[in-house]
Every structure is written in structure tokens, then in C-alpha cells.
Amino acid sequence: MEVLKRGLVLLMVFMVFQRGEGQLFENFYRGTCPNLEMIVKQVVSTKFSQTFVTIPATLRLFFHDCFVEGCDASVMIASPNGDAEKDAQDNLSLAGDGFDTVIKAKQAVEVQCPGIVSCADILALAARDVVVLAGGPSWEVELGRRDGLVSQASKVAGNLPDPEFNLVQLNTIFAKNNLTQFDMIALSGAHTLGFSHCNRFSNRLYSFSSSSVVDPSLDPNYAQQLMQACPQNVDPSIAINMDPETPRTFDNVYYQNLVSGKGLFTSDEVLFSDPASQPTVSDFASNPGNFNGAFITAMRKLGRVGVKTGNEGEIRMECTKFKDA
């Protein structure tokens with residue numbers, strides 16, 4: 001009997017060791033909140049029926065959360081002093097519909113599973129669900145994240161890619177999060193959805209360089225379209241679609257646009273103009289299945305960035321407030 005007990009203890013220790021710190025699992029809530037995915041999916045679908053902005057806003061929110069302090073819903077925190085992550089300059093353009101989607105999903109989950117599911121996990125599930133609603137691929141979301149205890153605007157600067165980044169700069173900031181160039185190009189495909197404000201790319205239209213006012217890598221007709229939509233001194237609240245062809249569908253047309261000189265940001269265009277990344281863009285432009293597979297892999301890797309598990313972090317009651325606040 002003693003030998004059997006010892007064997008069981010060793011087996012449990014081995015299992016804990018195998019699980020490892022910071023590891024996530026599919027079906028993490030199977031025993032504690034079995035209807036979780038159905039609840040979140042229903043809320044996301046309802047929100048989407050009210051406004052399409054739900055889709056790009058939620059997907060972008062997940063990305064911005066994971067790249068600062070890890071995937072811990074720290075971007076959700078609302079500070080009365082205006083000094084939380086969401087208050088940083090780079091996050092001011094995050095659409096409120098993304099926040100609202102997660103808040104509503106959390107409220108619905110709390111009714112059935114109080115105090116069990118993190119806002120971070122709900123955001124990860126919602127990001128998957130909006131991709132599916134836009135016609136994109138589905139995947140199993142790894143779960144088990146806990147919500148972070150830190151949300152500071154000062155931690156955002158320098159941790160999110162800039163629309164003027166070149167390939168080296170993009171690779172560097174993604175590598176900080178254990179994401180490869182291949183992952184970065186796949187995740188950039190999320191720009192097939194959503195919109196951007198004119199000031200994020202106006203330099204490509206009106207003040208590109210001393211030798212060329214307009215960025216010569218832009219397709220001339222596309223440049224004219226952009227100028228009509230975004231004249232100089234335009235209202236800063238005006239926004240245009242990042243994908244001029246199929247802005248409401250998750251597909252590989254983003255990469256076809258890059259090949260045609262219709263990448264909105266410099267950081268988009270460089271993916272095709274740089275010889276180091278061009279073959280991947282060309283492949284994704286021609287093979288939607290290859291893009292979808294790469295996007296799934298990259299999203300799962302993104303979802304593991306800086307996660308808090310086990311005794312780290314907390315399970316918030318409300319996504320916008322720390323538990324003890």
C-alpha cells in the first residue's frame with residue numbers, strides 16, 4: 001500500500017511538472033463552466049448583429065492586450081486617473097465595441113459560473129469567435145489565463161508595432177513575444193478587417209519624402225482613392241477600411257492587395273517590398289488555406305504570450321476593475 005501511495009504521489013508530481021508554469025489547456029473549464037464557449041459565442045453573435053465594428057474591434061483588442069503585459073485583460077482596466085493601459089496614446093483608437101463585447105460576455109458568464117472564468121480567457125474566446133463570424137477559420141482556444149494585476153499607460157509605448165515600421169522593426173517587436181516573422185506576416189492578415197484613421201498613413205499621401213510627395217510603392221489609383229477619402233486637414237475622426245476590396249470578410253485578399261500596391265500602412269507594404277518576406281506574402285495571396293493555417297497557429301501562439309496561470313493574477317468579477325479595487 002505504501003509503495004502504491006508513493007507511486008501515486010510521484011505520478012502527480014510528474015503530471016504537475018509536465019503541465020509546467022504558464023501552460024494553457026483546451027477544455028480548461030470543462031468541469032467548472034461547461035457551457036462557457038456557448039455563452040461567449042451567443043453574446044458575441046448578438047453584439048455583431050448590432051454592429052459590424054464588433055469584429056475588428058474585438059480582434060484588435062486581443063492583440064493590443066497580449067503585446068503589453070501579456071494576455072491578461074490588463075487593457076480592459078478603467079482608471080479614474082486616466083493612467084491605465086487603455087489610456088495610452090496607442091490605445092486611444094481602440095473601438096469601444098471591443099471592450100463592450102468582452103464586458104457583456106463576462107456578465108453573461110458570471111450568471112452561470114460566478115468567479116470562475118477570467119476576462120483574459122473570455123477575450124481570447126471572443127477573438128476567435130469574431131474571426132469565425134467574418135468567415136474566417138475556427139480553432140480550439142487554449143484556456144486557463146488569469147487576469148493581470150497591473151495596468152499602466154506608461155508600459156504601452158514601444159511595445160506595439162507602429163504603422164511606419166520596416167521589416168526589421170516588425171520582426172524585433174514580434175520576437176519579443178516569441179513570434180516569428182512567419183507568425184507576424186500571418187497576424188498582419190487581420191488587417192483584412194477593420195479600419196484606420198487618416199492620420200495613421202497620411203504621410204504616405206502628402207509628405208512621403210523630398211523626392212516624392214506620394215509614396216511611390218502605392219498603386220496610383222489607390223493613392224487617389226485615399227486622397228479623396230482623406231484630404232489634408234481632414235477631421236481626425238474620419239476612418240477608412242484597411243482592406244479596400246473585402247473589408248467585412250476574413251480572407252486572404254489583404255495579401256493580394258499588398259501584391260497590387262494596396263497596403264494601407266508602410267508596415268503592410270514592406271511585407272511585400274522586402275525580399276525577405278515577399279515569398280510568404282505571395283504564398284498567402286495565392287493559397288488561402290496556407291494563410292488560414294498559419295493564422296490559426298499564430299493566434300494560438302499569441303494567446304500564450306505572458307499569461308498568468310495557477311496562483312498568479314486573479315479572476316476579476318468585472319473586467320474593468322481589479323478585484324480589490
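Please read these numbers as outputs of a predicted model, since none were measured by experiment. Only this structure's heavy atoms are used, side chains among them; waters, hydrogens and symmetry mates stay out.
For the pairing with Tyr255, the ring pair (Phe, Tyr, Trp, His ring centres under 6.0 Å) check across Phe295, Phe284, Phe272 returns one residue only, Phe284. Checking each of Glu37, Glu140, Glu26 against Arg128 for a salt bridge (charged side-chain N to carboxylate O under 4.0 Å, His left out) leaves exactly one that passes, namely Glu37. A side-chain contact (heavy atoms from CB on, under 4.5 Å) with Phe67 is found for exactly one of Val75, Leu179, Asp90, Val156, namely Leu179. Just one residue in the list Leu36, Ile122, Asn27 forms a side-chain contact (heavy atoms from CB on, under 4.5 Å) with Leu143, and that residue is Leu36.
The shortest distance between side-chain heavy atoms of Glu110 and Lys106 falls below 4.5 Å. A heavy-atom distance below 4.5 Å is found between the side chains of Pro244 and Asn257. Side-chain contact between Leu167 and Met184 is present, with at least one heavy-atom pair separated by less than 4.5 Å. Within the 4.5 Å cutoff, the side chain of Phe182 has heavy atoms near those of the Thr280 side chain. In this structure, Ile103 and Thr320 have side chains that are in contact, with non-hydrogen atoms separated by less than 4.5 Å. A heavy-atom distance below 4.5 Å is not found between the side chains of Leu193 and Tyr254. At a threshold of 4.5 Å between non-hydrogen side-chain atoms, the residues Asp121 and Ser118 count as touching. Contact annotation: the side chain of Met317 never approaches that of Pro114 to less than 4.5 Å [non-hydrogen atoms, C-beta and beyond].
Atom CG of Asp235 sits about 10.0 Å away from atom NE2 of His197, to the nearest 0.5 Å. Note that SG of Cys230 is 4.5 Å distant from CD1 of Ile240, once rounded to the nearest 0.5 Å. Rounding to the nearest 0.5 Å gives a distance of 6.5 Å between CG of Leu218 and CG of Leu226. For the atom pair CG (Asn203) and OG1 (Thr266), the distance works out to 5.5 Å, reported to the nearest 0.5 Å. Here the CG-NZ distance, from Asn159 to Lys155, works out to 9.0 Å after rounding to the nearest 0.5 Å. In this structure, the separation between CD1 on Ile77 and NZ on Lys321 is 10.0 Å, given to the nearest 0.5 Å.
Hydrophobic clustering of Ile, Leu, Val, Met, Phe, Trp and Tyr side chains at less than 4.5 Å, counting indirect connections, keeps Ile55 apart from Val53. Linking Ile, Leu, Val, Met, Phe, Trp and Tyr whenever their side-chain heavy atoms come within less than 4.5 Å puts Val44 and Trp139 in one cluster. A continuous path of ILVMFWY side-chain contacts below 4.5 Å connects Val141 to Ile116, so both sit in one hydrophobic cluster. With hydrophobic clusters built from ILVMFWY side chains whose heavy atoms lie under 4.5 angstrom apart, Phe62 shares a cluster with Val68. Leu133 is connected to Phe99 through a chain of hydrophobic side-chain contacts under 4.5 Å among Ile, Leu, Val, Met, Phe, Trp and Tyr, so both are in one cluster.
For Asn311, the CG atom sits in a loose shell: 12 or fewer heavy atoms of surrounding residues, nucleotides or ligands are nearer than 6.0 Å. Other residues, nucleotides and ligands contribute at most 12 non-hydrogen atoms within 6.0 Å of the CG atom of Asn233.
Between the side chain of Asn252 and the main chain of Phe291, no donor-acceptor pair closer than 3.5 Å is present. Asp219 contributes a side-chain N or O that, together with a main-chain N or O of Asn221, makes up a donor-acceptor pair within less than 3.5 Å. Judged by distance alone, the side chain of Asn177 and the main-chain N or O of Ile173 form a donor-acceptor pair under 3.5 Å. A donor-acceptor contact shorter than 3.5 Å links the side chain of Ser151 to the backbone of Ser74. Glu312 contributes a side-chain N or O that, together with a main-chain N or O of Thr309, makes up a donor-acceptor pair within less than 3.5 Å. At least one donor-acceptor pair under 3.5 Å links the side chain of Asn166 to the backbone N or O of Gln169. With hydrogens and angles disregarded, a donor-acceptor distance shorter than 3.5 Å links the side chain of Ser209 to the backbone of Ser212. With Asp274 contributing its side chain and Val270 its backbone, the two residues share no donor-acceptor pair below 3.5 Å.
What you find for Arg316 and Asp72 is that their closest heavy atoms are NH2-O, 3.4 Å. For Glu69 against Glu85, the heavy-atom pair with the smallest separation is CG-OE2, 3.7 Å. A pairwise comparison of heavy atoms in Val109 and Val40 identifies CG2-CG2, 4.0 Å as the closest pair. Nearest heavy-atom pair across Gly136 and Phe250 is CA-CD2, 3.5 Å. Closest non-hydrogen pair, Arg146 versus Ile315, comes out as NH1-CG1, 3.8 Å. Across every non-hydrogen atom of Val131 and Pro137, the tightest pair is CG1-O, 3.6 Å.
In this model, a donor atom of one side chain and an acceptor atom of the other lie less than 3.5 Å apart for Thr46 and Gln42. Side-chain contact of Arg200 with Ser93: a donor-acceptor pair under 3.5 Å is absent, judged by distance alone. Side-chain contact annotation: Asp251 with Thr192, donor-acceptor N/O pair under 3.5 Å present. In the model, Asp243 has no side-chain atom that pairs as donor or acceptor with a side-chain atom of His191 under 3.5 Å.
With ring centers used as reference points, Phe208 lies 6.0 Å or more from Phe201.
Using a 4.0 Å cut-off between charged nitrogen and carboxylate oxygen, Lys308 and Asp147 do not count as a salt-bridge pair. Note on Asp183 versus Lys301: salt bridge recorded, some NZ/NE/NH1/NH2 to OD/OE distance being below 4.0 Å.
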Begin with the C-alpha distance, continue with both residues' side-chain angles, and end with the deciding distance and a verdict on side chain to side chain contact (heavy atoms under 4.5 Å, CB included) for Ser217 and Arg204. CA-CA 9 Å; Ser217 68; Arg204 301 186 71 196; 3.2 Å; yes

His64 vs Leu160, side chain to side chain contact (heavy atoms under 4.5 Å, CB included): CA-CA, chis, key distance, verdict: CA-CA 7 Å; His64 278 235; Leu160 290 169; 3.4 Å; yes

Under the side chain to side chain contact (heavy atoms under 4.5 Å, CB included) criterion, do Thr51 and Thr54 qualify, and how do the steps go? CA-CA 6 Å; Thr51 172; Thr54 299; 3.5 Å; yes

Pair Phe25-Glu142, side chain to side chain contact (heavy atoms under 4.5 Å, CB included): steps then yes or no: CA-CA 5 Å; Phe25 295 91; Glu142 296 173 318; over 6 Å; no

